[in-house]
K.L.:
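Mind having a look at this structure? Questions to follow.
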Amino acid sequence: MIRMVEPYVTYGYPSRDTVRALVYKRGHGKVNRQRIPLSDNSIIDGTLGEHGISCVEDLIHEIWTVGPHFKEANNFLWPFKLSSPLHGFEKKRHPFHQGGVW
């Protein structure tokens, strides 16, 4: 099964900068079962304040280090919606970890 999806996905451990960029650019939180963009620290503080997470940087730190309140922080984050490439894929023969399109 992994061989079938290998050209379409990439896997591995993300860096701290990648996690930060994803949360700042595409981060949304669950507040009353609604998808709310993380535009203000008060959204995070109101929901996760009792766990000691009061701002976006605290949320990123908790996710990155898998701290004691990781489960609550991860449940608060809405899954990231990523877009496909603008002009589609040129070739699907070579997976990303082998260098991508060539």
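Note that the structure is a prediction, hence the values are computed from the model and not measured. Start at 1 with the first residue, then count along the sequence.
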K.L.:
I'd like to know if the side chain of Glu72 reaches the main chain of Leu48, judged simply by a donor and an acceptor atom lying under 3.5 Å from each other, with no hydrogens or angles considered.
P.N.:
no

K.L.:
To check you understand the geometry: which heavy-atom pair defines the closest contact between Gly52 and Asp58, and what is its length?
P.N.:
O-OD2, 4.0 Å

K.L.:
Quick one: list whatever passes ring-ring contact (aromatic ring centres under 6.0 Å, His included) with His28, sequence neighbours left out.
P.N.:
none

K.L.:
Would you compute the distance between atom SG of Cys55 and atom CD1 of Ile44 and round it to the nearest 0.5 angstrom?
P.N.:
7.0 Å

K.L.:
Consider only side-chain N and O atoms of Ser15 and Asp17, and report whether a donor and an acceptor are under 3.5 Å apart.
P.N.:
no

K.L.:
Measure the NE2-CZ distance between His61 and Arg16 for me, rounded to the nearest 0.5 Å.
P.N.:
6.5 Å

K.L.:
Heavy atoms only: give me the nearest Phe80-Leu22 pair and the separation to one decimal.
P.N.:
CE2-O, 3.6 Å

K.L.:
Over all heavy atoms of both residues, which pair between Ala73 and Glu62 is shortest? Give the atoms and the distance, please.
P.N.:
CB-CG, 4.1 Å

K.L.:
Please report the closest heavy-atom contact between Leu38 and Gly29, naming both atoms and the distance.
P.N.:
CD2-N, 3.9 Å

K.L.:
Taking atom NE2 of His69 as the centre, does the number of heavy atoms from other residues, nucleotides or ligands within less than 6.0 Å exceed 12?
P.N.:
yes

K.L.:
Atom CG of Leu59 and atom OH of Tyr24: how far apart are they, to the nearest 0.5 Å?
P.N.:
9.5 Å

K.L.:
Using the rule side chain to side chain contact (heavy atoms under 4.5 Å, CB included), only one of Arg26, Gln34, Arg35 pairs with Trp78; which is it?
P.N.:
Arg35

K.L.:
Go through the structure and list residues passing side-chain hydrogen bond (donor to acceptor under 3.5 Å, both in side chains) with Lys30, not counting sequence neighbours.
P.N.:
Asn75

K.L.:
Who passes side-chain hydrogen bond (donor to acceptor under 3.5 Å, both in side chains) against Asn41, sequence neighbours left out?
P.N.:
none

K.L.:
Between atom CD1 of Ile53 and atom CD1 of Ile63, what is the distance when rounded to the nearest 0.5 Å?
P.N.:
7.5 Å

